[in-house]
Amino acid sequence: MRTHKLRCTGCDLRIKGEDARSDFRCPNCGDLYEVEYPWSESATVPSEHVNRPNPNALRYLWQERRTSSLAIDQSGVWRFRDLFPIVDDDKVITLREGNTPLYELPKSAAKLGLNWLLAKHQGMNPTGSFKDTGMTAALSVAVSRGFEWVACASTGNTSAAMAAYAARAGLRSMVLIPEGKIAWGKLSQSMDYGSMTVQLRTDFDGCVRVLTELVNRAPIYLLNSVNPYRLEGQKTPAFEILEQSDWQVPHHIIVPGGNLANCAALGKGFAEMKYLGFINRVPKISVIQAEGANPLYLAMQANGGKSLAPVIADTRASAIRIGNPASWRKAVKILEANGGWCEQVNEFEIGLAKAEIGAEGIGCEPASAVTLAGLKKLVADGRVGREETAVLLLTGHTLKDPEYTINYHRGQLFNESELASATGSELTEHNALQHGPIVLDANADDVLRALDSVAAAGHPA
Ligand code: F0G
């Protein structure tokens with residue numbers, strides 16, 4: 001715990017964890033930190049003083065912990081705590097997050113002409129999104145530093161996760177969310193878990209601005225993803241994917257891009273696995289943005305990610321409705337280091353992809369579905385090959401945003417111009433995937449007649 005440092009990813013300044021400014025920005029250059037251990041590739045500690053983690057011993061230990069009755073071992077995040085010793089064990093706040101399934105998506109794979117396609121479903125975490133993996137880490141740090149209040153600005157999932165973990169820890173929490181712009185499932189969670197829920201009349205980027213000022217003026221611990229400890233928890237799904245694949249490295253990881261911390265966290269996880277000798281190559285990591293919230297996509301097109309111009313964000317995938325992403329520089333570094341791409345997808349493509357994932361019996365929230373929509377583009381122009389393995393990061397549970405799903409199936413989601421953007425075959429697929437509710441009188445004859453007509457229409461896509 002006492003051995004880690006925070007390294008500025010902009011100017012390499014190293015500080016002790018407890019010396020970070022409350023907004024987690026470097027005082028020299030304003031960039032973001034990452035957590036560095038004596039064994040990290042970037043560390044400057046002489047190697048004779050470093051106790052380097054041993055891959056074989058750790059693989060065995062991590063498997064062993066699965067059978068333990070200790071909460072900290074049952075957590076699919078803290079099971080890997082040897083690679084992020086940031087708090088003492090007795091300070092850990094866990095809801096047994098992680099341990100999420102790696103599903104096959106056979107129907108989508110067949111349609112894309114891929115041999116196989118996998119989905120790491122982070123929506124299967126305790127509060128229904130990948131944010132739990134990062135929140136358990138950073139909130140445990142808040143506890144160990146003695147804070148009473150924690151806060152975040154959020155498009156909904158971070159706030160749900162923070163509220164739950166704060167409640168478990170007995171801390172007070174405040175969420176700042178854009179009024180009217182987050183999904184109901186998420187809003188209900190932060191209230192249910194007892195958070196002070198503040199709806200600001202602005203967008204996500206406006207909430208971040210207000211929160212940054214608040215943490216500078218009051219002793220509140222900031223739990224947005226600029227907090228580098230969040231990324232330490234969020235790197236562990238990379239370890240799980242490798243474990244679940246018998247340590248065969250997938251060729252591609254496809255993630256949604258919002259504030260752009262998650263791609264950086266996974267990139268850090270895979271890089272550490274390679275550096276420590278668990279694996280001998282890293283996967284390409286591609287980031288998919290919604291067309292209406294695409295600042296990284298535009299930056300990569302315009303100048304290869306050297307500078308980023310914020311946009312006014314607008315997409316129904318409300319989790320990634322972010323115009324000024326905090327971690328964009330980290331994301332560009334991962335795209336460069338791992339060799340992935342940034343793609344954008346439109347509203348129709350997102351809705352269709354979400355319905356396809358639903359039709360696999362899995363489901364996810366709209367922001368997660370951008371991964372499948374983006375993969376279609378990567379396959380179409382040969383960037384992802386038939387023989388290659390791709391893993392989609394499904395970041396949120398389908399029940400986070402039931403309104404979106406209901407509107408899709410009732411044919412009320414898309415406007416005319418969105419429908420006009422679809423190709424003929426996309427529209428055919430869309431029509432086959434829609435399963436709006438059928439209202440009938442309460443008698444068996446009517447139901448059987450309806451069943452016959454549905455059966456005659458054929459099996460859904
Ligand atoms: N998918 C979902 C479901 C999300 O909630 C988010 C981010 C992302 C993807 C993007 O991840 O920001 O690391 O690039 N949601 C944040 C929130 C911003 O407040 O819940 P990112």
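Numbers here are sequence positions counted from 1. We count ligands from 1, going down the list as the structure has it; atoms in each ligand are counted the same way.
What you find for Ile350 and Pro366 is that their closest heavy atoms are CG2-O, 3.5 Å.
Checked for salt-bridge contact, Asp82 and Arg65 meet the test: a charged N lies under 4.0 Å from a carboxylate O.
Sorted by first and then second residue, the side chain to side chain donor-acceptor pair (under 3.5 Å) pairs with a member in residues 214-224 read Ser22-Asn216, Glu213-Arg217, Tyr221-Asn227; sequence neighbours excluded. Among residue pairs with one or both ends in residues 318-352, those qualifying as ring pair (Phe, Tyr, Trp, His ring centres under 6.0 Å) are Phe348-Phe414, Phe348-His430; sequence neighbours excluded.
Remark: Trp184 pairs with Leu187, Glu403 by the side chain to side chain contact (heavy atoms under 4.5 Å, CB included) rule, at least two apart or across chains.
Protein residues with a heavy atom under 4.0 Å from ligand 1 are Phe130, Lys131, Ser154, Thr155, Gly156, Asn157, Thr158, Pro256, Gly257, Gly258, Asn259, Leu260, Ala261, Asn262, Ala319, Ile320, Ile322, Glu365, Ala367, Thr395.
Between Pro283 and Ile253 the shortest side-chain heavy-atom distance falls below 4.5 Å.
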